[in-house]
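Data block below; observations after.
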Amino acid sequence: MINPYEMAKEQVDIVRPYLRDISDDTFEALKTTKLEYIVNFPVRMDDGSTKVFRGYRVRHNDARGPSKGGLRFHPSVDLDEVKALAMWMSWKAAVVNIPYGGAKGGIQCDPKAMSQGEIERMTRRYTNEIAPVIGPEKDIPAPDMNTNPQTMVWIMDTYSMLKGYSVPGVVTGKPVEMGGSLGRMEATGRGVCLIGLQAAAFLNMPVEGASVVVQGCGNVGSISAKQFAAHGAKIIAICDSMCGVYNRNGLDIDMVMDCKNRDGCLTSSKIEGDVITNKELLELECDILIPAALENQITEENVNNIRCKLLLEGANGPTTPEADRVLFDKGIMVAPDILANAGGVTVSYFEWVQNLQELLWSEDEVQTRLGNILHRSFQQILDLKVTHGVNMRTAAYILGVGRVAKAMQLRGVWP
Ligand code: NAD
């Protein structure tokens with residue numbers, strides 16, 4: 001298994017030759033995290049027993065502003081995974097040029113085996129433990145795998161109880177009724193699609209009728225699929241952690257998601273399609289492939305079997321550097337995670353701005369601003385790609401890493 005933190009550092013090294021005005025010391029500092037906070041804390045379980053959980057909050061860099069990043073509940077969460085995810089957040093915020101650094105958090109747990117009450121008590125106790133290192137001016141969590149708007153409200157409420165007053169700006173991705181921004185729920189998937197439309201235009205590939213394969217049908221996967229379907233694309237396959245469904249003529253994505261939400265799986269007889277494995281799904285011939293589940297999905301082992309024209313990274317870190325090189329040689333365009341899924345952090349930023357200023361923007365305002373930011377970032381990355389003759393990921397890293405490095409050099413070293 002590839003260590004995601006090693007992979008994240010390797011990705012930074014790849015752009016070293018293109019950032020000659022950055023000193024070696026600054027470059028090395030970029031590959032280290034600013035703060036690694038590990039907490040072990042007890043939670044009362046429904047059966048009366050007490051279980052100790054391990055949680056993490058990592059701040060990679062805050063040279064450009066308070067740090068920002070999601071919170072993940074998953075059995076495989078560990079320190080190196082959280083460090084890698086925090087580092088990717090720094091580059092992502094810089095790519096879309098919003099005034100944030102990068103952070104990430106996680107709890108090693110299996111939420112599928114826990115009741116809602118247990119998840120709530122775990123979330124609240126974790127918030128209590130990490131309260132010294134989060135806050136609207138310090139570090140602002142948001143949803144990630146297996147966390148959602150309700151999780152964010154529990155964090156906001158617990159943090160506010162500790163402070164003695166309401167602090168909505170401590171998290172983003174809250175429900176609209178609780179200070180969330182209109183459009184935040186859909187923002188990541190909408191952004192994946194907006195970047196996909198621009199990339200498809202660059203490739204002269206019509207989106208209408210294009211075949212799309214999606215790995216994962218959570219927040220990012222399901223919304224990306226619905227957005228592409230709304231643009232006339234055919235969603236030919238989608239999966240969850242257990243299996244996928246495939247129909248060459250296109251799935252009825254609303255029906256698929258209704259079944260998934262109702263039954264918790266994709267095997268309903270109501271879905272017109274064949275059940276396939278997750279391995280088969282990734283290797284299907286298609287125009288657009290969207291990994292929207294976990295990291296390390298396209299690796300040396302399966303990259304030669306990847307048969308898409310455009311790879312849109314909805315997930316963070318789904319492609320290893322070795323696989324990236326092969327994809328480039330095969331002429332497959334990759335819209336990298338730090339661009340393709342940046343719609344989420346961008347609208348999170350809008351939510352935070354609205355919370356701090358006690359403003360409420362209309363959905364139109366949110367969508368227009370999001371569209372403008374993603375359009376500009378895509379164009380800047382495309383220009384760098386053409387100027388340096390590199391792939392889209394390297395171009396995005398030149399932009400993102402370069403901006404963070406510049407901020408660090410301008411601030412200098414204190415004292
Ligand atoms: P989610 O929990 O809503 O959905 C995750 C999906 O992945 C589920 O459908 C799950 O069944 C599937 N999955 C899990 N393990 C799998 C496996 N081994 N094989 C295939 N599918 C598997 O999570 P999400 O918020 O949609 O996040 C998905 C990815 O997108 C993560 O990499 C996350 O870091 C990234 N991301 C999320 C956001 C956001 O706003 N939610 C923003 C940026 C990036």
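Ligands are counted one by one from 1 in listed order, and the atoms in each one are counted from 1 as well.
- Distance from atom 40 (O) of ligand 1 to its nearest protein heavy atom, with residue and atom name: Thr188 OG1, 2.7 Å.
- Under a 4.0 Å N-O distance rule, the pair Lys104/Asp139 does not qualify as a salt bridge.
- Looking at Ala292, Gly218, Gly314, Gly69, it is Ala292 that brings a heavy atom closest to atom 28 (C) of ligand 1.
- Residue Leu294 approaches ligand 1 through these ligand atoms, each under 4.0 Å from one of its heavy atoms: 15 (N), 16 (C), 17 (C), 18 (N).
- With no hydrogens or angles considered, no side-chain donor-acceptor pair links Lys279 and Asn305 at under 3.5 Å.
- Contact annotation: Glu295 has no heavy atom less than 4.0 Å from any atom of ligand 1.
- Close approach of ligand 1 to Arg72 (heavy-atom distance below 4.0 Å) involves ligand atoms 31 (C), 32 (O), 33 (C), 34 (O).
- Donor-acceptor pairing under 3.5 Å is lacking for the side chains of Trp91 and Gln11.
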Show me the donor-acceptor pairs within less than 3.5 Å that the side chains of residues 400-407 make with the rest of the protein, sequence neighbours left out.
unit_1: Arg403; atom_1: NH1; unit_2: Ala94; atom_2: O; d: 2.7
unit_1: Arg403; atom_1: NH1; unit_2: Val95; atom_2: O; d: 3.2
unit_1: Arg403; atom_1: NH2; unit_2: Gln380; atom_2: OE1; d: 3.4

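- Formation of a donor-acceptor pair under 3.5 Å by the Arg411 side chain with backbone atoms of Ala63 is found in this model.
- Of the protein's non-hydrogen atoms, Ala293 CB, 3.4 Å is the one closest to atom 7 (O) of ligand 1.
- Residue, atom and distance of the protein heavy atom nearest to atom 37 (C) of ligand 1 are Val220 CG2, 3.4 Å.
- Looking at Lys260 and Asp240, a side-chain N of the basic residue comes within less than 4.0 Å of a carboxylate O on the acidic one, giving a salt bridge.
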Hey, can you pull the donor-acceptor pairs under 3.5 Å for the side chains in residues 266-275, sequence neighbours left out?
unit_1: Ser268; atom_1: OG; unit_2: Lys270; atom_2: N; d: 3.0

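- Of the candidates Cys217, Gly343, Ala340, Gly344, Cys217 brings a heavy atom nearest to atom 9 (O) of ligand 1.
- In terms of polar-atom proximity, Asn219 is counted as a contact of ligand 1, with an N or O under 3.5 Å from an N or O of the ligand.
- Here's the thing with Leu85: none of its N/O atoms is less than 3.5 angstrom from an N/O atom of ligand 1.
- Polar contact with ligand 1: absent for Gly216 (N/O pair, distance under 3.5 Å).
- Taking every heavy atom of Ala315 and a limit of under 4.0 angstrom, the matching atoms of ligand 1 come to 29 (C), 30 (O), 32 (O), 35 (C).
- Of the charged side-chain nitrogens involved, at least one lies within less than 4.0 Å of a carboxylate oxygen, so that Arg124 and Asp157 count as a salt-bridged pair.
- Considering backbone and side-chain atoms alike, Asn146 places an N or O below 3.5 Å from some N or O of ligand 1.
- Within 6.0 Å of atom CE in Met145, more than 12 heavy atoms from other residues, nucleotides or ligands are found, so the atom counts as buried in its surroundings.
- Of the protein's non-hydrogen atoms, Asn278 ND2, 3.3 Å is the one closest to atom 19 (N) of ligand 1.
- For atom 5 (C) of ligand 1, the closest non-hydrogen atom on the protein side is Met145 CE, 4.0 Å.
- Remark: ligand 1 and Asp144 share an N or O pair separated by less than 3.5 Å (distance only, no angle test).
- In the vicinity of Arg184, heavy-atom distances shorter than 4.0 Å reach the ligand 1 atoms 40 (O).
- Nearest to atom 44 (C) of ligand 1 by heavy-atom distance, out of Leu281, Leu282, Val214, Asn316, is Asn316.
- Salt-bridge formation is not detected for the pair Glu36/Arg59: no Lys NZ or Arg NE/NH1/NH2 atom is positioned less than 4.0 Å from an Asp or Glu carboxylate oxygen.
- Under a 4.0 angstrom heavy-atom cut-off, His74 registers as lying outside contact with ligand 1.
- With respect to the salt-bridge test (charged N to carboxylate O, under 4.0 angstrom), the residues Lys31 and Asp13 qualify.
- Between Lys174 and Glu351 there is a salt bridge, with a side-chain nitrogen of the basic residue lying less than 4.0 Å from a carboxylate oxygen of the acidic one.
- Of the protein's non-hydrogen atoms, the one nearest atom 10 (C) of ligand 1 is Ser241 N, 4.0 Å.
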